[in-house]
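Reviewing the structure listed below.
To find a chain, count down the sequence lines: A is the first, B the second, and so on, and within it residues start at 1. What you see is a predicted model; the values in this text were computed from it and never measured.
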Amino acid sequence: VYGGARKQPDIMEAAVIAGEFARANVYAGLTNQGISMLVPTLLEVGTDAQRRDYVGPTIRGDIIWCQGYSEPGNGSDLANAQTKADLRDGNWIANGQKIWTRSAHYADMMFLLCRTEPQASKHKGLSYLLLSMKSPGLDARSLKTMTGRSAFNEVFFTDVAVPETQIVLGRGKGWYVANVTSKHERLMIGDAGKMTARFAQLIKLLGTTDIDGVELIQMPEYRDRLLRLHGETIAWKAHNLRLLTEAARGEESGVKRMIVKYGGTMLGFRLSSLAVDALGSAGLPYASLGEDAEDDDATTWNIDYMYDVGLTIGGGLNNIQKNISGERGLDLPREPKAAWMR
Amino acid sequence: VDALMDFGLTLEQRQFDDSLRDFLKDRLPMDRLRLLAETANGFDEGLWQGVIELGVLDAAVAGEALGFAAAPLPFTGSMAMAPLAFVHCATQAQQDEWLPRIAAREVRFAVAFTGLAGQTGSATTSQTTGLNRAVAYAKERIQFGRVIGSFQGVKYPLADCVTALEPCRAMVWYAAYAQDALPEEARLTACHAKAHVCDVARDVARMTTEAHGGMGFTDLLGLH
């Protein structure tokens, strides 16, 4: 109806296709926050008009989206977002600042979490708006990270006008919509297919790197680390199969899904850590980073290594993931609120 | 359908798992386990007969249920590996001689073998039991005026445990499935399952014991 293959969604088929692309180490077409996060969100809670306007163009790549969530003062405590939007003469007028906005320098549109109901409680005061990045008063500035590249931005809003109808699900429903979106983001970050492909690259690296003529893969200390990581990679691959089957059967996966982002990003970090150790002096940070770096193996592993540090933070810090697994998964009691907040 | 496309227990396997766990819960309370641990061979003859009468269909599932209850049985060797070895590798004469005797419980086998789906399943679920007990304890034990499970210092290690442990279950299923259907991966996945699950099991055992505080170190709780 809104574009795409015009057939019933098939979770298994999608997974098989994605798995084959990952195995071949090729890009499975466009992957971005619009396709993997906004599209499923609009399919779940958008209006017909929003689906018609955005789903097709987004999956075709005609509209690139960025996510306006984190703020300098409110990262993990996302529900406390303070960027505000007031309704005046049929427009939301947005003011404030977002940070960690990936792709904002070339995105066409943003999905924005902002405070529209200042009198309501923290979680009930937020709304979810869809706006053009070309709106007057919007200023995106690049933010350089430890990878030496600038994939992220800060975005400043000064009286940015957004048409009233560009709200998703309604006033005060922003937190609910954002949770629909994050569910898809955490899945995207903990992808086991990528781990399997990276493990194969790691074997290649250890087989082609030597110290005094001995390949690293022949050395017990490297081999032991490699094989432990292989065991972990197989375990996560099998876990992914289990989750897929549960999703296809329509079963709730509960804690099994909550652990994926934390477990997957830590495995990714350990994989690239071994690669950086194997690279020796070529694996030292900053030796081969930066915008002009060549795309040789050392550069790729260096950037992955630094980026993996970022992945343990992005999409919900891993310590927040542990709160979620502990509290919602294992049903452990929440941390009591600080006295001054009560 | 390729089983990798339908990767989970079937309804029959789940029912079998449930019935075996119920059976073991009734038959193996902590004081009975303690008594058995102190006998010479640490083996429960009566339980063995009961398990055989249930009809053991699936080695990995049974191994998990037995591990969940810390059942002291020669399950992996006698019920799973030895019959499989005879069926796949022995002559007809050898099969005729030994299989009926295994079924009749006249002989029991110990094995040194790589395809240890049942054993790694036991290691996974015995630690699931440990984690369940630690979570239950963390919800009732009060220190500094709070239930200790509300402290991130206790909550996070338990979240680490579940993060390491859950993929082990799927890994054991995968390794068990590979024994039947993926010969080129069978040996590798079995070795990896054994190595990885045992590493995880030891870490989980230590962390869940720590979550119980001093009580965990006593003989009384029987975490060991």
Any idea which heavy atoms bring B:K155 and A:E335 closest together, and the distance? NZ-N, 3.6 Å
Spacing of B:Y174 atom OH and A:N240 atom CG [to the nearest 0.5 Å]: 12.0 Å
Between CG of B:D160 and OG of A:S325, what distance do you get to the nearest 0.5 Å? 9.5 Å
How far does CG of A:L229 sit from NE2 of B:H196, to the nearest 0.5 angstrom? 10.5 Å
Is the closest side-chain heavy-atom distance between B:L158 and A:K322 below 4.5 Å? no
Shortest non-hydrogen pair, A:G231 vs B:M171, comes out as O-CE, 3.1 Å
So does A:N319 get a backbone contact from the side chain of B:Y156, meaning a donor-acceptor N/O pair under 3.5 Å? yes
Rounded to the nearest 0.5 Å, what separates atom CZ in A:R249 from atom CZ in B:F7? 10.5 Å
Give the member of B:S150, B:A159, B:C168, B:A170 that has the highest number of heavy-atom pairs under 4.5 Å with chain A. B:S150
Is it true that B:E166 and A:R257 make a salt bridge, defined as a side-chain N closer than 4.0 Å to a carboxylate O? no
Can you find a heavy atom in the side chain of A:I259 that is under 4.5 Å from one in the side chain of B:P167? yes
Between A:Q321 and B:T163, does a side chain to side chain contact (heavy atoms under 4.5 Å, CB included) hold up when you go through it step by step? CA-CA 10 Å; A:Q321 302 301 322; B:T163 304; over 6 Å; no
For atom CD of A:E221, decide whether the heavy atoms of other residues, nucleotides or ligands shown that lie under 6.0 angstrom number more than 12. yes
Closest non-hydrogen atom pair between A:P333 and B:V147, with its separation: CG-CG1, 3.8 Å
What do you reckon, is OH of A:Y176 surrounded by more than 12 foreign heavy atoms closer than 6.0 Å? no
Given that the side chain runs from C-beta out, which part of B:L188 has a heavy atom under 4.5 Å from chain A: side chain, backbone, both or neither? side chain
Of the listed A:H239, A:M258, A:R228, the one with the largest count of heavy-atom pairs under 4.5 Å with chain B is A:H239
CD of B:Q152 to CG of A:L332, rounded to nearest 0.5 Å, is 11.5 Å
Please determine whether a side-chain nitrogen of the Lys or Arg among A:E251 and B:R14 lies less than 4.0 Å from a carboxylate oxygen of the Asp or Glu. yes
Take a 6.0 Å sphere around CZ of B:R202 and say whether it holds more than 12 heavy atoms from other residues, nucleotides or ligands. no
Residue A:R242 versus chain B: region with a heavy atom under 4.5 Å: both
Taking atom NZ as the centre, does A:K124 end up with more than 12 heavy-atom neighbours from other residues, nucleotides or ligands that are less than 6.0 angstrom away? no
